[in-house]
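Letters A, B, ... mirror the listed sequences (proteins, then strands); counts begin at 1.
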Protein chains: 2
Amino acid sequence: MLHVAEAARVSVATVSALINGTATVSPELSARIEQAIRDIGYKRNAIARSLKMGTTRTIGLTVPHITNPFFTDVVSVIQQAFDRAGYAVMLCCTDEDLNTQDDQIRLLLDRMVDGLIVARVGDGAILKRIVADANVPVVLMDRLCEGVDTDAVVLDNQRAVFDAMSYLINLGHRRIGYITGTSDISPMHDRMTGYREALQAAGLPVAEELVRSGNFHEIDGYNATMQLLSLHDRPSAIFSANNPMVIGTMKAIRDIGLSCPEDISVACFDDFPWSDVFQPQLTTVAQPVQAIGEQAANLLLDRLAGNRDAPPRMLVLKGRLMIRNSCRPLGAVVHSVSA
Amino acid sequence: MLHVAEAARVSVATVSALINGTATVSPELSARIEQAIRDIGYKRNAIARSLKMGTTRTIGLTVPHITNPFFTDVVSVIQQAFDRAGYAVMLCCTDEDLNTQDDQIRLLLDRMVDGLIVARVGDGAILKRIVADANVPVVLMDRLCEGVDTDAVVLDNQRAVFDAMSYLINLGHRRIGYITGTSDISPMHDRMTGYREALQAAGLPVAEELVRSGNFHEIDGYNATMQLLSLHDRPSAIFSANNPMVIGTMKAIRDIGLSCPEDISVACFDDFPWSDVFQPQLTTVAQPVQAIGEQAANLLLDRLAGNRDAPPRMLVLKGRLMIRNSCRPLGAVVHSVSA
DNA sequence: TTGTACGCGTTATCAT
DNA sequence: ATGATAACGCGTACAA
């Protein structure tokens with residue numbers, strides 16, 4: 001900018017005034033300055049500007065896994081929203097690891113991000129302290145965090161699973177396997193509650209042997225399903241509370257020589273982009289990914305726009321049961337090995 | 001830092017020296033400083049550091065669509081690699097739009113990213129100028145850019161499609177529909193060449209009516225497939241050169257009342273994470289996403305580590321034909337409506 | 001309308 | 001070993 005000022009024979013203040021429109025500059029000088037800007041190929045240095053202004057127009061976004069289609073979609077929506085608003089977004093994947101998450105949030109804070117959207121991982125204690133120390137607005141997404149009292153957008157997980165389970169129960173299923181995540185994050189907790197309540201509401205027992213947990217990955221779903229299918233009195237249906245794990249469930253069913261939905265019904269949380277093109281078409285609980293992403297972005301953009309003192313807002317969205325053909329009425333089940 | 005220096009009754013230079021280990025400071029002062037750091041809760045400001053050092057330890061990454069599973073996976077791998085190296089990554093999605101891409105790259109450059117990985121979009125002219133002006137290392141990924149002579153990692157697209165087409169031809173297919181992307185980016189061009197050459201090598205004609213183009217989205221694949229299936233002498237197989245578009249292909253086949261592979265064979269570029277769990281299991285050309293991401297990251301990290309003068313390096317990786325059950329020998333095709 | 005001077009938080013240079 | 005100070009590039013009072 002100094003070079004520009006010199007080339008245009010004006011002061012840097014005038015150049016700045018012109019660029020930011022913060023004061024009116026005479027046409028002659030404007031022309032000279034703009035010419036100089038072109039000649040030099042001047043580009044404003046956003047880093048210097050950030051240091052001076054105390055704002056980076058950058059936000060941080062952390063999710064457990066970007067390859068989980070749910071997060072892929074939400075990240076995409078959030079990215080677009082902030083792109084429109086002139087913000088850059090720094091993306092971090094915590095891989096469900098607590099230390100990684102802490103490091104990444106610190107990294108983002110050091111870089112003076114103006115705000116944070118986080119789908120947290122693990123215990124919230126450190127996140128809580130970090131958030132309290134740093135003076136940036138934080139929006140929690142997908143997963144709440146006890147003690148962190150801030151904006152959040154989540155799903156009514158309990159209700160969503162309750163509905164899905166009720167659907168299975170109405171189909172006649174009485175022994176329904178349930179695969180959950182190991183870590184006690186709020187969605188897993190709430191979904192499990194939905195599972196229990198649906199069974200109880202139907203007067204069915206909650207058999208602990210039917211509940212398995214895994215670490216969110218495909219292989220964990222595979223192992224959990226193998227255990228369920230090895231049970232003496234194996235379940236007639238399986239509900240997976242996590243999207244990647246249901247792939248493992250399907251593979252286990254295939255490897256053990258069964259087929260879905262003929263031998264076993266399957267439903268899961270989170271929709272697939274192409275759920276209705278391939279067979280079986282999985283019955284899923286679809287989250288409103290578009291709305292979740294947009295609301296999270298709006299919540300943060302609102303704080304960024306200056307609305308700092310409003311009390312924390314929590315948005316609870318509803319899931320939608322997408323009934324397809326991966327679940328069969330129990331009475332009509334035909335074993336493929338039958339003669 | 002000034003506060004820390006005051007609280008510890010030393011100069012800022014000493015604080016800096018201690019933090020960065022750039023000079024030895026006496027145990028007494030070290031203790032005082034560390035105590036002050038804890039008391040104040042001091043965190044180093046990465047922005048100020050960047051301004052001074054001229055490096056942000058941040059890279060920019062732009063892809064057309066993060067929801068395309070290919071890019072999802074590659075982004076994930078790249079993100080992990082830079083995370084390990086202590087870099088943050090700013091993610092941008094261009095949505096196949098040229099202006100968006102230019103804006104985003106400028107945004108990233110303004111923010112002084114240390115390097116750029118870009119899966120480019122559209123004409124390379126502006127990208128070329130931007131890259132030339134800015135003095136940051138750039139790695140091209142997936143898509144080359146004429147006139148931009150820089151590091152790159154791409155697939156041998158021509159060969160990959162040639163192999164896939166040869167497979168279909170060996171199966172007895174003679175009329176093979178081909179769905180490509182509209183924009184003339186290098187992969188689309190090379191894949192089309194592979195299509196043509198495979199037909200020619202087999203002594204088959206290249207019927208222009210069998211080649212349709214779309215704008216990379218599902219709906220475009222749907223429309224293109226509808227057109228292909230409306231042909232008087234409709235193709236017995238369809239190859240989609242893009243992953244999202246093949247979903248449209250499958251939906252069109254379903255909507256028109258046909259089924260795959262019984263009535264029509266389908267193959268496509270890019271593998272799905274769960275290709276082998278659902279039916280039909282699509283035969284695909286799988287890209288080595290892990291290697292692509294890692295190599296792109298390594299190329300850039302190498303430049304970042306100081307190796308600026310080495311001549312541009314281009315890595316060409318090989319695709320792998322994943323033969324599943326979505327393609328049938330032509331002679332054995334049985335129409336599902338037959339009695 | 002335009003210019004001067006200062007500060008944002010760091011790091012590096014050079015005295016001491 | 002430690003401290004004073006300049007500089008990174010920008011925005012902005014304040015003065016002219």
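At C/dT11, one or more side-chain N or O atoms of B/Arg49 fall inside 4.0 Å of OP1 or OP2 (strictly under the cut-off). The side chain of B/Asn45 places no N or O atom within less than 4.0 Å of a non-bridging phosphate oxygen (OP1 or OP2) of C/dC8.
Stem analysis of DNA chain C (Watson-Crick or G-U pairs, both distances under 3.5 Å, runs of at least three) returns C:3-16 with D:1-14.
Think of the region where chain A sits on DNA chain D: with heavy atoms and a 4.0 Å cut, that region ends 5' and 3' at D/dG9 to D/dT12.
Partners of A/Asp39 under the side-chain contact (heavy atoms from CB on, under 4.5 Å) rule, at least two apart in sequence or in another chain, are A/Gln35. Residues satisfying the side-chain hydrogen bond (donor to acceptor under 3.5 Å, both in side chains) criterion with A/Asp97, sequence neighbours excluded, are A/Thr100. With sequence neighbours excluded, the residues satisfying side-chain contact (heavy atoms from CB on, under 4.5 Å) with B/Ser76 are A/Ile66, A/Thr67, B/Gln80. Partners of B/Pro312 by side-chain contact (heavy atoms from CB on, under 4.5 Å), not counting sequence neighbours, listed by chain and number: B/Asp149, B/Asp151. Every side-chain hydrogen bond (donor to acceptor under 3.5 Å, both in side chains) that B/Arg111 has, sequence neighbours left out, goes to A/Thr58.
Partner B/Ile59 forms a side-chain contact (heavy atoms from CB on, under 4.5 Å) with one of B/Val139, B/Leu304, B/Leu116, B/Leu301 and no other, that one being B/Leu304.
Taking a cutoff of 4.0 Å between a charged side-chain nitrogen and a carboxylate oxygen, A/Lys43 and B/Asp133 do not qualify as a salt bridge.
In the region residues 33-43 of chain B, proximity to DNA chain D at under 4.0 angstrom, judged on heavy atoms, holds for none of the residues.
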Quick tally for nucleotides 1-6 of chain C: nucleotides whose base has a protein heavy atom under 4.0 Å get B, sugar-phosphate-only ones S, the rest -, giving SSBB--
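Under a cut-off of 6.0 angstrom, the local environment of CZ in B/Arg129 is sparse, with at most 12 non-hydrogen atoms contributed by other residues, nucleotides or ligands.
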Which donor-acceptor pairs under 3.5 Å do the side chains of residues 17-24 of chain B make with protein atoms, sequence neighbours left out?
unit_1, atom_1, unit_2, atom_2, d
B/Asn20, OD1, B/Arg44, NH1, 2.7
B/Asn20, ND2, B/Ser16, O, 3.1
B/Asn20, ND2, B/Ser16, OG, 3.3

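Counting only residues at least two apart or on different chains, no ring pair (Phe, Tyr, Trp, His ring centres under 6.0 Å) pair has a member in residues 29-55 of chain A. Residues in residues 5-35 of chain A take part in no ring pair (Phe, Tyr, Trp, His ring centres under 6.0 Å) pair, two or more places apart or across chains.
Side-chain contact check for A/Ile47 versus B/Thr56: some heavy-atom pair is nearer than 4.5 Å.
Taking atom CG on B/Leu2 and atom P on C/dT10, their separation rounds to 9 Å, with Å as the unit. Following rounding to the nearest Å, A/Leu51 (CG) and C/dG7 (P) show an atom-to-atom distance of 14 Å.
The cationic atom of A/Arg303 (NZ for Lys, CZ for Arg) does not lie both less than 6.0 Å from the six-membered ring centre of A/Phe82 and within 45° of the ring axis.
As judged by a 4.0 angstrom heavy-atom cut-off over every strand, A/Met1 is placed among residues touching the sugar-phosphate backbone only.
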